[in-house]
Amino acid sequence: MIRIVKAAYVSLVYAFLYVPILVLVVFAFNDSRVATNWQGFSLRWFAKLFGNETLLGAAVNSVLVGVLAATLATAIGTLAAVAIYRYRFLGRKVLSTAVYILTIQPDIVMGISLLVLFMAVRMPLGFTTLLLAHVTFCIPFVTITVLGRLKGFDTHIVEAAQDLGASEYEIFLRIILPMILPAVAAGWLLSFTLSLDDVMVSFFVTGPSFEILPLKIYAMVKLGVKPEVNALSAILLVLTFCIVFAAQLMMKERREK
Amino acid sequence: MTGREPIIDIRNVSMRFDDTLVLDDISLSIANGEFLTFLGPSGCGKTTLLRLLAGFESPTSGDIFINGQRMNDVPPHRREVNTVFQSYALFPHMTVFENVAFGLRRKKLPASEIKGRVAEMLALVKLEGLGGRRPAQLSGGQQQRVALARAVVNRPLVLLLDEPLSALDFKLRTQMQMELKHLQRRLGITFVFVTHDQAEAFAMSDRVAVMSSGHITQRGTPQEIYENPQNLFVASFVGEINILDAVITGHAPDHLEATIEGRRGALHSRRDYPDGQRVKVLLRPEDLRLSRPEDPEAAEACFSGVIKECTYKGATVDIQVEIEGGKALQATEFFNEDSEDIDYRPGEPVRVSWVRGWETVLPDD
Amino acid sequence: MTETSLFKRLSIGVISLWLVFFAVVPAGLVVIVSFLSRDPAQLVAPVPTFENYTRFFDPVFYQVFLDSLVLALSTALACLAVGYPFAYILARSRRRAKSLMLMLVIIPFWTSSLIRTYALIILLKANGVVNSLLIALGLIDEPLMMLYTDGAVLIGLVYSLLPFMILPLYAQMEKLDVSLLEAASDLYAGKVARFFHVTLPLTTPGIVAGFMLTFLPSFCMFYIPDLLGGAKTMLVGNLIKNQFLTSRDWPFGAAASIILTVLMVVLLAVYRQSSRRLEREPAA
């Protein structure tokens, strides 16, 4: 009896989380202008989407910023995790606390602070400012992901490498990097999704010269439900699902050594 | 101490972490080819001392010389010493071969030589044919051998071993102790071993340094340390021991007269103590002799008491005796083909004596 | 280890510089701006003032804060009510099922909350899926007005933030040693006593962490009231957004964001306190 109640409860919560998403995806294939009446299967909204040059341009911009931001953030965030894990230095505690604070800091606060910064240095809002902002909010996620993996390792492994004659650079390249590689890859994928989905920070730090998908979607959604928005959202949802799934698999692999 | 030149010279080394003094003015020379063990309870500083030799830490004060060179600030990868870690610290993403070859590759030796030396080493530790496995696919004992091979293959001047056997079960551990000892003799490399297990230390070492709260409290051969502990800590840390309270009451030509646990008796000591000095008398369980009141040797016995408990141990029997005054003593009797009379029953009255001169007398402080 | 290698200096240096330039300096600038005066032409005039903070006592803004606070509290508590039993069941489920179940929570965690909010519109609007369904079932004749209400905003926030409550709760419950529960039962604790004396205290850090990750964003997610609440409901997030982009009153917007930051610091302190109590070693 208790088991049935539990199963029912769990199913209800999953339904709450997934039914809206599924409805959205299903209606993306609806051959009707009115979103709520099912008129049969159609790909016409996808076709319309791919004919929309502004949207395509925004998509290219989003992917470009996503790839660059994820790559830069992964490089910096991974090095930061290794530094926090390996070295005792002045301000180490401050650094690791700062990284954690950045993950819980409300996005809007980061958005306006960066806006103030860019205005103060008279940097025009656009590609560069957007990229810098995205790198900033992705770094902590990479650092935490990588640090989580590093903490699972025997600290003596690094000492063993030192003992066997490896230099700092060799230790990073031959010992640490191969061991954390799945976490680094997961960090990259998560950064890419974060960048691709971000609304709150991007809203403040990009200008009309450089349009990206989430802000386009926001502008379109404000005007109401449109089938092509369904199609676009469906594509982004499926993309996110695949990326998160892959990232989770990579982080899981380590636990089953 | 062995007459050979020292390979390691530790001079007045102290180590401080934040506010705690982990090592307090340690000095010790280790001879080339020696098997030396740091023995002590956890937290006594023995692992820190080993890490100073390996180069993972630098001493707060004092100097460390290896092969005549001051090593204080030389990083681990520039020292000709290698470590076998307690956790083995095998690289999980590399095969056994790659693990063992790691140090040789850092030295940029030619590939053919590396291959030869690794193969030779794997044969030496009986791991032929397992070079392609990953650490996770090996048993604990096999991982231990890989850790050993990975360090020894570099032909270090000194091999440092940090409780390397503690994760193994009892049988494998005793077997590995013998193998380590043989390996050390065969290679002639100096071994510095760290353990908290006195049986392990005694089984392998040429010399043992007993450590307690940052000091070396006694150093010597296993026999010296067991038979002549210089203080109560060493006495009670290495093996079971009975500690009796006594007061010196007079001097005879070949012994001291004393009141031991309230009974008059004779003590033999290399050191002289003045009359009235309070002392501790230390007796190993196997040095105590039990006899029945009617036996002839009972007349010489110092104490009388009653049997509290007998524990059968196979080759020996551990007997607990409560002597007059209420103190409990631990005695060990060996089974002997021609005497069946160690079959005591609880409650039985006995006399307790010890082999003359085998007691250790220490000042009571 | 006195040898400071280039690698060490590089790895510490890059992140430190990045954080100084893109986190510390901007935060400092916001603090400074919040104490300056507004200037229609230059955005900010270098005239120091406390007015940006005293303006929060103006009933209009005071009301926004109060409404936001009520909404954020409701959101966090609703997430806790739904998420706590869920995380508990999740942590206690069998290994194989667990990784799939967990994955199904993690995916929405990373999925665009804007798109998920849009999905809710499709469900809730007047001629949306829910109304069509109810009418088809004959339960109602007229479509219910669900969109553009405070309820819709609350549902939207809970929908977006629920995974942020479940995951920290789950992480904390995973750490809960089953033998502690068994020990409690062994020592005559009934189910209720066991929950209040063992489970609840030991999962408190998870509750605080989940609370922090749902309560704070609830103030800020300006697009949720924009899309689901019409423009009627206003959050602190909307207020800040408007100051920066519409009414161009940067100092006031900066002050509002400082208040949010202070709120975050307070919550962080509570979290540290609650998790430190469970650590073995006493606080240094």
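Letters go in sequence order (proteins before strands), and every chain restarts at 1.
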Report task. Name the region of Leu114(C), side chain, backbone, both or neither, that has any atom closer than 4.5 Å to a heavy atom of chain A. Result -> side chain
**Report entry** Segment of Val25(A) engaging chain C (4.5 angstrom heavy-atom cut-off)
**Finding:** neither
Query raised in the report: Can you say whether Ile89(C) sits under 4.5 Å from chain A via the side chain, the backbone, both, or neither, judging by heavy atoms?
Result: side chain
Query raised in the report: Between Met110(A) and chain C, which part of the residue has a heavy atom less than 4.5 Å away: side chain, backbone, both or neither?
Result: neither
**Report entry** Per-residue contact mode, Val23(A) against chain C (heavy atom under 4.5 angstrom)
**Finding:** side chain
**Report entry** Check: Phe203(A) ring centroid to Phe222(C) ring centroid under 6.0 Å
**Finding:** yes
Report task. Measure distances from Phe89(A) to the heavy atoms of chain C and classify the residue's part below 4.5 Å as side chain, backbone, both or neither. Result -> side chain
Report task. Can you label the angle between the Phe141(A) ring and the Trp110(C) ring as parallel, tilted or perpendicular, going by 30° and 60°? Result -> perpendicular
**Report entry** Part of Leu104(C) within contact of chain A (heavy atom distance under 4.5 Å)
**Finding:** both
Query raised in the report: Would Tyr14(A) and Phe86(C) count as a close aromatic pair, with their ring centres under 6.0 Å?
Result: yes
Query - Proximity breakdown for Val82(C) and chain A, heavy-atom pairs closer than 4.5 Å - result: both
Requested in this report: Could you look at Ala23(C) and say if it's the side chain, the backbone, both or neither that has a heavy atom under 4.5 Å from chain A?
Outcome: side chain
Query raised in the report: Is it the backbone or the side chain of Leu190(A) that comes under 4.5 Å from a heavy atom of chain C, or both, or neither?
Result: both
Query raised in the report: Counting heavy-atom pairs under 4.5 Å to chain C, which of Ser113(A), Pro214(A), Ala247(A) comes out on top?
Result: Ser113(A)
Requested in this report: Name the region of Ile21(A), side chain, backbone, both or neither, that has any atom closer than 4.5 Å to a heavy atom of chain C.
Outcome: both
Query - OG1 on Thr240(A) to CZ on Arg116(C), rounded to 0.5 Å - result: 11.0 Å
Query raised in the report: For the candidates Leu260(C), Asn131(C), Leu267(C), Leu245(C), which exhibits the highest count of non-hydrogen atom pairs separated by less than 4.5 Å from chain A?
Result: Leu245(C)
Report task. Could you tell me which portion of Phe22(C) (side chain, backbone, both or neither) has an atom closer than 4.5 angstrom to a non-hydrogen atom of chain A? Result -> both
**Report entry** Structural part of Phe245(A) lying under 4.5 Å from a heavy atom of chain C
**Finding:** both
Query raised in the report: Side chain, backbone, both or neither: which part of Ala80(A) has a heavy atom under 4.5 Å from chain C?
Result: both
Query - Value rounded to 0.5 Å, distance of CD in Glu170(A) from CZ in Phe7(C) - result: 12.0 Å
Query - Interchain contact, Leu132(A) with chain C, by part (heavy-atom threshold 4.5 Å) - result: both
